[in-house]
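Side chains are part of it too, since the values below use all heavy atoms of this structure and drop only hydrogens, waters and symmetry mates. Small disclaimer: the values here were computed from a predicted structure and weren't measured.
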Amino acid sequence: MPADTPVSSNPPAPARAPALEEQFRELRQAEFSRLDAGGEVYLDHTGSALYLASHLAWHTQLLAGGVFGNPHAENPASSRSTAWGDAARDAVLALLEASPSEYEVIFTANASAATKLVAESFAFGRRSRLVLAADNHNSVLGLREFARRKGAVVRYIPLDEELRLRDVARHLSLEPGGGPHLLAFPAQSNFSGVRHPLALVRLAQGLGFSVLLDAAAYLPTAQLSLRAVPADFVTLSLYKITGYPTGVGALVARRSALEQLQRPWFAGGTVEFSSVQNDTHLLRAGAAGFEDGTPNFLALSAIPEGLRRFQAIGVQRIGAHVQDLTGLVLGGLATLRHRNGRRLVVVHGPATLVARGGTVSFTLVDRHGRWIPHWDVERSLATQRIAVRSGCFCNPGAAERAFAFEAGRVRGCLAGTQRDREPFSLERFARCMDGGPVGAIRASVGMATSQDDVERFLGALERWTDGPSAMIAEGAAPDDQCA
């Protein structure tokens with residue numbers, strides 16, 4: 001097959017696999033041996049998946065042997081890029097079991113940019129409601145700024161002690177008439193790993209809502225079928241699924257929902273024509289009217305093969321592997337205790353495997369029950385070449401519930417920072433909150449994770465049971481990084 005010819009996005013039926021543990025041990029040796037060569041433990045799969053070595057080699061060979069041009073033309077180099085872009089769209093639709101007659105794919109820089117397309121174009125009005133899960137990434141919470149500017153009412157669905165949504169039906173209730181309305185929630189929390197009920201999609205649609213489903217954290221380990229869960233808008237990032245390429249996200253939208261959006265501007269590639277003399281333009285129909293400028297066409301050519309390899313491994317097998325490892329993480333954290341019997345670890349979110357993914361957030365406490373700063377724990381693990389994430393993960397609603405923040409107290413602390421015109425810092429905020437936790441540690445497993453990784457991670461945490469003083473690394477608190 002010529003190097004510049006797209007391959008099918010549908011993987012062959014997988015052969016009968018060996019035992020799950022052996023399969024992923026072989027996968028680790030074949031695709032992620034760089035981890036063992038560098039002595040690294042990578043537990044930040046919610047931040048980004050790790051790329052398959054063979055996928056990177058394949059794409060390098062494709063680019064080295066091909067000529068690819070800007071797809072906004074019809075010359076041979078441009079036509080190759082256009083063909084790969086079309087193949088990438090087909091691959092994303094196949095991943096989501098979405099019919100091309102019903103859904104379109106719009107490529108963006110990331111999932112945040114995909115959400116912004118909906119936020120700026122949704123026809124909010126004074127009789128509209130935007131309902132947001134309190135457990136949303138900031139990229140989704142930002143929808144409220146566009147909604148409020150157009151006079152819409154914004155509501156939040158609160159969280160229970162396990163950081164699951166509660167009283168959903170009440171917060172979706174509507175007075176007669178009005179609209180259009182939008183519900184936005186994550187299929188899986190990037191903070192706690194909670195998997196929220198996908199049945200909310202049809203429930204909300206039955207009450208007159210369009211639904212935006214954030215699938216970024218869900219898709220790496222679970223199947224999402226838009227035949228069964230017909231969300232109006234789905235946002236995702238490719239690197240969270242396949243690790244490569246970075247810098248490509250997607251908005252997958254129902255054609256009927258896309259037609260209701262009202263774009264507030266136009267750009268290169270989105271118009272059939274524009275005129276300076278006549279001060280007018282005509283947007284292109286469908287997805288083409290939303291892809292601003294030149295797409296990342298070289299990166300798009302990596303998507304069909306990346307998703308083909310991902311699907312050949314099997315998302316169900318990946319999910320089972322991740323569930324097994326998550327059970328080891330949760331079980332191991334529960335056994336860590338100080339000499340006086342006090343637990344070292346407080347898990348934020350479900351402590352069982354029921355309706356949850358492979359993301360586990362927690363804080364450490366010393367033998368006296370005092371919070372150990374999350375930045376100290378992250379730095380200590382980093383010195384042992386163990387990668388985790390710390391902070392609030394750009395999910396303030398889940399963090400506020402997990403740490404039992406009192407709204408008035410938080411308001412005063414944030415207002416004090418603004419009043420004193422000092423840079424915001426987590427250390428200053430923690431002092432204002434009387435030394436309580438203001439961030440967590442997040443460990444997230446994925447297809448590249450091994451049981452040895454989990455055991456090494458738990459062993460590193462166990463050292464904190466002897467007291468934090470010897471473990472604290474030098475330096476100030478890090479800025480919270482979003483993902």
Side-chain angles (χ1 to χ4, degrees), residues 1 7-62 91 94-95 188 193 217-224 237-246 302-332 353 356-360 384-388 443-460:
M1 179 180 297
V7 298
S8 169
S9 61
N10 297 316
R16 201 162 128 184
L20 193 67
E21 184 178 349
E22 180 62 24
Q23 178 190 3
F24 281 91
R25 184 181 295 115
E26 293 176 357
L27 182 69
R28 168 89 167 216
Q29 293 172 349
E31 299 288 2
F32 307 109
S33 61
R34 58 192 184 274
L35 287 171
D36 297 316
E40 298 201 31
V41 171
Y42 184 79
L43 297 177
D44 192 23
H45 285 267
T46 300
S48 174
L50 295 179
Y51 57 79
L52 300 173
S54 61
H55 180 211
L56 183 64
W58 177 90
H59 194 232
T60 300
Q61 183 178 10
L62 174 73
L95 175 74
Q188 179 174 313
Y218 182 83
L219 288 172
T221 59
Q223 175 68 55
L224 174 63
S237 285
L238 272 302
Y239 73 93
K240 291 185 183 288
I241 304 172
T242 58
Y244 177 84
T246 57
I303 291 172
E305 181 66 13
L307 291 180
R308 187 190 70 81
R309 291 170 186 260
F310 172 79
Q311 291 172 296
I313 296 168
V315 70
Q316 290 183 335
R317 287 195 288 263
I318 295 170
H321 173 66
V322 165
Q323 186 176 57
D324 287 348
L325 294 176
T326 304
L328 291 177
V329 171
L330 290 169
L353 295 175
R356 63 126 62 242
T359 301
V360 180
Q384 300 168 73
R385 304 184 73 80
I386 299 174
V388 296
S444 49
V445 299
M447 76 166 83
T449 311
S450 69
Q451 183 173 335
D452 289 343
D453 291 337
V454 173
E455 292 173 353
R456 187 169 149 193
F457 163 67
L458 293 171

* Using distance alone, with no hydrogens and no angle criterion, decide if Tyr244 and His55 have a side-chain donor and acceptor under 3.5 Å apart. =>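 Short answer, no.
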* Under 3.5 Å, is there a donor-acceptor pair between the Ser54 and Arg309 side chains? ->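 Yes, Arg309 and Ser54 have a side-chain donor paired with an acceptor closer than 3.5 Å.
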[X] vs [Y] side-chain heavy atoms within contact, under 4.5 Å:
| X | Y | value |
| --- | --- | --- |
| Leu62 | Glu305 | no |
| Glu455 | Leu458 | no |
| Leu52 | Trp58 | no |

Please name the pair of heavy atoms, one in [X] and one in [Y], separated by the smallest distance, quoted to 0.1 Å.
| X | Y | value |
| --- | --- | --- |
| Tyr239 | Ser48 | CD1-OG, 3.3 Å |
| Ala302 | Pro245 | CB-CD, 4.0 Å |
| Ala443 | Phe457 | CB-CZ, 3.8 Å |

So, taking the atom named [atom1] in [X] and the one named [atom2] in [Y], what distance separates them when rounded to the nearest 0.5 Å?
| X | Y | atom1 | atom2 | result |
| --- | --- | --- | --- | --- |
| Leu43 | Ile386 | CG | CD1 | 7.5 Å |
| Gln188 | Thr46 | CD | OG1 | 6.5 Å |
| Leu95 | Leu307 | CG | CG | 5.5 Å |
| Ile318 | Leu219 | CD1 | CG | 11.5 Å |
| Ile303 | Thr242 | CD1 | OG1 | 7.5 Å |
| His59 | Tyr51 | NE2 | OH | 14.0 Å |

* Just by modelled atom types, is the Asp453 backbone N or O under 3.5 Å from a matching donor or acceptor in the Ser450 side chain? ->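 Yes; judged by distance alone, with no hydrogens or angles, the pair exists.
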* To do: Look only at the side chain of Lys240 and the backbone of Pro220, and say whether a donor-acceptor pair between them is shorter than 3.5 Å.
  =>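 Not confirmed, Lys240 side chain does not pair with Pro220 backbone.
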* **ring pair (Phe, Tyr, Trp, His ring centres under 6.0 Å) involving Tyr42 - partner list, sequence neighbours excluded** =>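 Listed in chain order: His45.
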* **Derivation of the side chain to side chain contact (heavy atoms under 4.5 Å, CB included) call for Leu50 and Leu35** => CA-CA 10 Å; Leu50 295 179; Leu35 287 171; 3.9 Å; yes
* Residues two or more places apart in sequence or in another chain: which of them pass side-chain contact (heavy atoms from CB on, under 4.5 Å) with Asp36? ->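 For Asp36, the residues satisfying side-chain contact (heavy atoms from CB on, under 4.5 Å) (neighbours in sequence not counted) are Arg28.
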Identify all side-chain donor-acceptor contacts of residues 320-329 below 3.5 Å with residues at least two apart in sequence or on another chain.
unit_1: His321; atom_1: NE2; unit_2: Thr449; atom_2: O; d: 2.8
unit_1: Thr326; atom_1: OG1; unit_2: Val322; atom_2: O; d: 2.7

* To do: Please step through side chain to side chain contact (heavy atoms under 4.5 Å, CB included) for the pair Arg456 and Arg385, ending with a clear verdict.
  => CA-CA 10 Å; Arg456 187 169 149 193; Arg385 304 184 73 80; 3.8 Å; yes
* To do: Begin with the C-alpha distance, continue with both residues' side-chain angles, and end with the deciding distance and a verdict on side chain to side chain contact (heavy atoms under 4.5 Å, CB included) for Ser444 and Asp44.
  => CA-CA 5 Å; Ser444 49; Asp44 192 23; 4.2 Å; yes
* Could you walk me through whether Arg317 and Gln23 pass side chain to side chain contact (heavy atoms under 4.5 Å, CB included), step by step? => CA-CA 9 Å; Arg317 287 195 288 263; Gln23 178 190 3; 3.1 Å; yes
* If you count the non-hydrogen atoms of other residues, nucleotides and ligands that lie under 6.0 Å from CD in Gln316, is the total more than 12? ->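 No, not enclosed.
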